[in-house]
Structure formats: structure tokens, C-alpha cells
Amino acid sequence: MSEREGGAGGVSRGPAGTADRSMPEAKPGSAALPREALEIASGYAFTGPALDLGALLWDGACLPDVQVRIPLPMLNRHGLVAGATGTGKTKTLQLIAEQLSAQGVPVFLADIKGDVSGVAAPGTENEKVQARAADVQQQWVATGFPAEFYALGGIGHGIPVRATVTSFGPVLLSKVLQLNQTQEQSLGLIFHYADQKGLELVDLKDLRAVVAFLTSDEGKAELKNIGGLSTATAGVILRSLTAFEAQGMAGFFGEPEFDTGELLRTAEDGRGLVSVLELAAVQDRPQLFSTFLMWLLADLFHDLPEVGDADKPKLVFFFDEAHLLFNDASKAFLDAITQTVRLIRSKGVGVFFVTQTPKDVPGDVLAQLGNRVQHALRAFTPDDQKALKATVKTFPNSAYDLEELLTGLGTGEAVVTVLSEKGAPTPVAATRLRAPESLMGPIDAAALDSAVESSSLYGRYAQAVDRESAYEKLNARPSREAPPPAKEQQAPRAQKAPKGDPSVVEQVVGSGMFKSLARSLGTQIGREITRSVFGTARRRR
């Protein structure tokens, strides 16, 4: 293994970030390998920058001279990491994330179980790590990577991530509230009315106020010419909102709204930032976090320019527990996911879905995933057997007996096929994966809190702001007062501050938060909202 090479921007690249390296020459005796193993080896002999996954497994032996790799430019062709619980999927995510960061590529990780925060701290060397590194010819060096930590609505350890109701949109919100198709269409009508009338839906109380108005004697006529809103449907929506808030979920909606452009940053040393979104505190609300992840992806899709084929991705987005996104999803919702995944590649974003079996992902989406890392599967029940056979059928022709292989892989081993530099699938390769160089487990809460509070983003997003929006405007209607000047409309309401201290408004204007708020501020005059295939709002600024 060669010494670490200097990368662009002074990035130090080692076994977790190789660059412009061809396949190592085989040692004496490797020519005696079976023809099939030599063909697999030639399929991974890339000449450009690539990520090292591990060493080839053949006939029960690990062949360290045959490295299994993914070309860096192909990471925006999306991927799938699958396998049964306990087979090492999380460590695979960590391994890929480290290498991407070392190559200067930002990464987004959804931390479902709360054990990915260790990517920010150097790993701990022990006998297992030493043995694995020796097996796969890895020069293991304990390394921490630059990371930012986020939490939905500030529940948990992380910078709060919020979205306004209007930008989240009716389609994604309907999935969170578990509405049926008719109720979703009615919610879309409510959003349309609010958009047209300049009633900004910042948080859930704004949405509730608009629904209540449209079912009142005064408001019923407002939607009469475009279908109307039935009292029964409005009742279902209001009850769903009440139940949602009762579970403590209201904090996810509000301002300052998170700017997804923050996910595209690099550190001062040129390494890509690893953005870790903590979801352990809301893992009992799977539809919420899976849909929120889709909002992040949809927002990126509509903000980023087209870049075509690039030397490396702008961002690689890991979508953990992906099956939760597709459960009970309507055909229209699945079509929107398929379209987003298909088109976001040209904007330089790669998406990896992480789940237990490929059958958890719809076929139209699975067809877009060019890179595959399949960990072991269990086959204890008839349903397990069916899932195993279905998984085998999703792979290209293989020199292995995949049904037998997939049930016999150990922890940290996987079956791999990726897209080559020419865009063609590589041979299926059983692989013993490398060990992550960062800490394989969570960092302690004190260190995590310190990292969050020292972040340059903390002052921008930590303090929630409640400005005038639909709720206040509708409650002020009976007074028939003229609306305040636009300047006053755009000023956030501040909580009282002690004498001599700057008000929250002054702190906002004097900090980066104002930029974030400006993203979602607007007035009725000259304001136009367009909505994407997911119904997420895009404001013309």
C-alpha cells in the first residue's frame, strides 16, 4: 500500500481516499488464480480517482492484491446498500463517507440509531481492526473527519433543522399526516388558496387557521368556484394536525428555515463536510423523518444548477431506512421520487438508499441505482427465501452461486457491483470490506454538544422566530386595519430581552440568521410561489 498522497486543496488521502492509481500489480502466484477471479480483478482496475471498498473474496480466501473500488465520478449514479440487521451496513456508510470527505466531497448521513456521530473522532485501534487491515492490505490510520450535527426541530443533539409548512408542501405533508388521496387533493387546494392570498404558512397554527377560515361562514365562498372544501375533509385534516402536534412534532415546522445549501460545504483543509442528521429521538415517527429527508432532497433538486458529468459529485446523500419512505406511498408520490432520483444525478448529487433487501425499493427507483453493496441476507422463513431469490435476480451475471454466498457472508463482508469509468456494470465481487478510520460508535454527549454550539451555523438556526403570518393575519381580519408596511411585515417578532442587551431582532439582523429568514420572507404584492412535483414551494426572488 502506498503512502498517503496529497490531494487537491492539500487534502491528505490514504487508503480512504486514493487518487489516480491503477490496479496494484499481482504478487507472484496470483497468475494461478482461476480465470473468473482474474476477470473480476480486471473489472476493478480503474485508472482515475476511486474509493477503496476492500479486497476480493474467492473460494473462501481473501485476495488483498485484488482491490474492489468505486470510481469517484460514478458516485452520482446513485447506489444501494442492503443487508440484514447486524451485517455491517452502518459501517459501510461510514467507510464510504470517510473516503468521500477525504476526496473533498460533502456527505449527508441520516443517523437513525444515533451511532454515526463517531465519524468526527479518530477511531480506536484494536486487534479486530489490525486483523481486518492486514487482511485487505489497508494502511489504517485513526482519523476524524469534519462534521456538522443537526436535529429535526432541535429535538436531540444538533443544530435545529426546520422547514416552513408552505415550503414543505401539500404532498409531503399529506404523507406525514397519513391522509388519503382525496384529503391530499383538498390540502393542495388549501395551499393554493394560501399562496394566492399571501397567507404565509410558516408553522402548523398557520395551516390550522386557514383551514378553519375556509370552513367558516365567511370563508366557504372562497373556494366555491374551484371545488370547495368539505367540512368532513377539513375535520380530518384538523384532527391529524392536532394528533401530530400532541406528539411534540410541531417544532419541525417554523423559521428560520434550513438552507439545504449548507450541506454542500467543505472544510478549510479542503475535505468535504459530513452532515449528520440525528434521528434517534424521532425514530418512532418513521414517516416523519423519511418524508423530511425527501424534502431535503427535493429542495436540493430545485436549487442546484445542471452540471452534467463532473469529476466528482457535489454531494452524496445517504437515505437510511429507505423502505419507510415507500411504505403506503401513492403512485403519484412514487412517480415523484423516481423523477427526482433520475434527474438529480445531472445536478451532481448522488443518492444511496439503505435498507434490508432490494425488494424494499420500487423497481423504477432500483433501476436508477448503479452501485450496489449487498451484505448478508437471512433465509430462515419462506418469505426470507423469496426475498433472497428476488435479490439474486437483481444482480448481473455472476461467477458466484449468489444464493449460497449471500447467506454465508460474515459481518463486514458484502457482494459488490458498481459502474465502471465507462458506465458499464463491473463483475459481481464478493468483498471483505475495509475498516472505517473514524470512531465506530457515537461520541459522548458532552463532546457532541460542544461541537454543535461551536458551529458557525448555531447562531443562525438555534433560536426559533415567530413572525406575522397566516394565523396573525386571519385573527386580525375583524379589525379591518390596514396591513403594516412591508418593512414591518418582514421583521421577525422578538421575545423581550433584558435591559441593555440587544433584542432578538437586532441579533438576527446582525447574524447569519437574517440570510436564512430572507429565503422564506415575502409579501403579497409581487410575490409568486411555484410548486414542484412534490408540491414543495419555490419562490421567485
Side-chain angles (χ1 to χ4, degrees), residues 153 163-254 282 284-292 294-295 298 324-337 469-478 524 529-537:
T164 61
V165 170
T166 195
S167 73
F168 203 74
V171 178
L172 294 176
L173 187 58
S174 294
K175 182 166 176 59
V176 169
L177 299 177
Q178 301 182 47
L179 303 182
N180 63 29
Q181 184 176 0
T182 300
Q183 295 154 359
E184 177 183 324
Q185 292 171 348
S186 295
L187 188 60
L189 199 61
I190 295 166
F191 272 71
H192 173 74
Y193 173 79
D195 290 348
Q196 296 300 309
K197 297 298 183 181
L199 297 172
E200 298 209 0
L201 306 177
V202 173
D203 49 29
L204 295 181
K205 74 176 186 300
D206 291 323
L207 179 57
R208 187 185 295 104
V210 174
V211 175
F213 170 70
L214 291 175
T215 53
S216 67
D217 292 339
E218 183 180 357
K220 283 181 180 178
E222 295 286 336
L223 299 181
K224 186 175 181 181
N225 294 330
I226 52 174
L229 176 66
S230 74
T231 303
T233 298
V236 171
I237 294 173
L238 288 173
R239 287 193 295 273
S240 298
L241 287 172
T242 300
F244 187 71
E245 287 183 292
Q247 297 175 42
M249 304 302 171
F252 301 128
F253 296 97
V282 294
D284 58 337
R285 291 286 297 171
Q287 283 192 317
L288 171 69
F289 69 69
S290 64
T291 310
F292 216 101
M294 198 66 233
W295 172 77
L324 300 172
L325 181 68
F326 304 111
N327 286 351
D328 303 320
S330 65
K331 184 180 184 301
F333 188 82
L334 293 177
D335 289 344
I337 293 175
S469 48
Y471 175 82
E472 289 80 10
K473 290 178 181 179
L474 289 172
N475 281 344
R477 278 182 308 105
Q524 184 173 349
I529 292 182
T530 58
R531 293 194 175 274
S532 70
V533 291
F534 275 109
T536 53

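Values in this document were obtained by computation on a predicted structure and should not be read as measured data. Throughout, residue positions are numbered sequentially from 1 according to the sequence presented.
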Looking at residues at least two apart in the chain, or sitting in another chain, which of them share a salt bridge (charged side-chain N to carboxylate O under 4.0 Å, His left out) with D203? K205
Is there side-chain contact between [X] and [Y], with heavy atoms separated by less than 4.5 Å?
X: L214; Y: I190; result: yes
X: L199; Y: F213; result: no
X: F253; Y: L201; result: no
X: E200; Y: D206; result: no
X: V171; Y: E184; result: yes

OG of S290 to CE of M294, rounded to nearest 0.5 Å, is 10.0 Å
So how far is it from Q247 CD to R285 CZ, rounded to the nearest 0.5 Å? 4.0 Å
Kindly write out the residues that satisfy side-chain contact (heavy atoms from CB on, under 4.5 Å) with [X], not counting sequence neighbours, or none if the list is empty.
X: Q185; result: Q181
X: T182; result: N180
X: A250; result: L204, E245

Name all residues meeting the ring-ring contact (aromatic ring centres under 6.0 Å, His included) criterion together with F292; count only those two or more places apart in sequence or in a different chain, and write none if there are none. F168, W295
Please, which pairs that meet ring-ring contact (aromatic ring centres under 6.0 Å, His included) have at least one residue in residues 170-204, sequence neighbours excluded? none
Less than 3.5 Å apart, which donor and acceptor atoms pair up between the side chains of residues 172-179 and the rest of the protein, not counting sequence neighbours?
| unit_1 | atom_1 | unit_2 | atom_2 | d |
| --- | --- | --- | --- | --- |
| S174 | OG | P170 | O | 2.6 |
| K175 | NZ | L325 | O | 3.4 |
| K175 | NZ | N327 | O | 3.0 |
| Q178 | NE2 | Q287 | OE1 | 3.2 |

Starting from the C-alpha separation in whole Å, work towards a yes-or-no answer on side chain to side chain contact (heavy atoms under 4.5 Å, CB included) for E222 and K197. CA-CA 11 Å; E222 295 286 336; K197 297 298 183 181; 3.9 Å; yes
State, to 0.1 Å, how close F244 and L288 come at their nearest heavy-atom pair, and which atoms those are. CZ-CD1, 3.8 Å
Test S186 against L229 for side chain to side chain contact (heavy atoms under 4.5 Å, CB included), laying out the working first. CA-CA 6 Å; S186 295; L229 176 66; 3.7 Å; yes
Side-chain donor/acceptor pairs under 3.5 Å, residues 234-242, sequence neighbours excluded:
| unit_1 | atom_1 | unit_2 | atom_2 | d |
| --- | --- | --- | --- | --- |
| S240 | OG | V236 | O | 2.9 |
| T242 | OG1 | L238 | O | 2.9 |

Would you find more than 12 non-hydrogen atoms of other residues, nucleotides or ligands less than 6.0 Å from F333 atom CZ? yes
Would you say T233's side chain and S230's backbone share a donor-acceptor pair under 3.5 angstrom? no
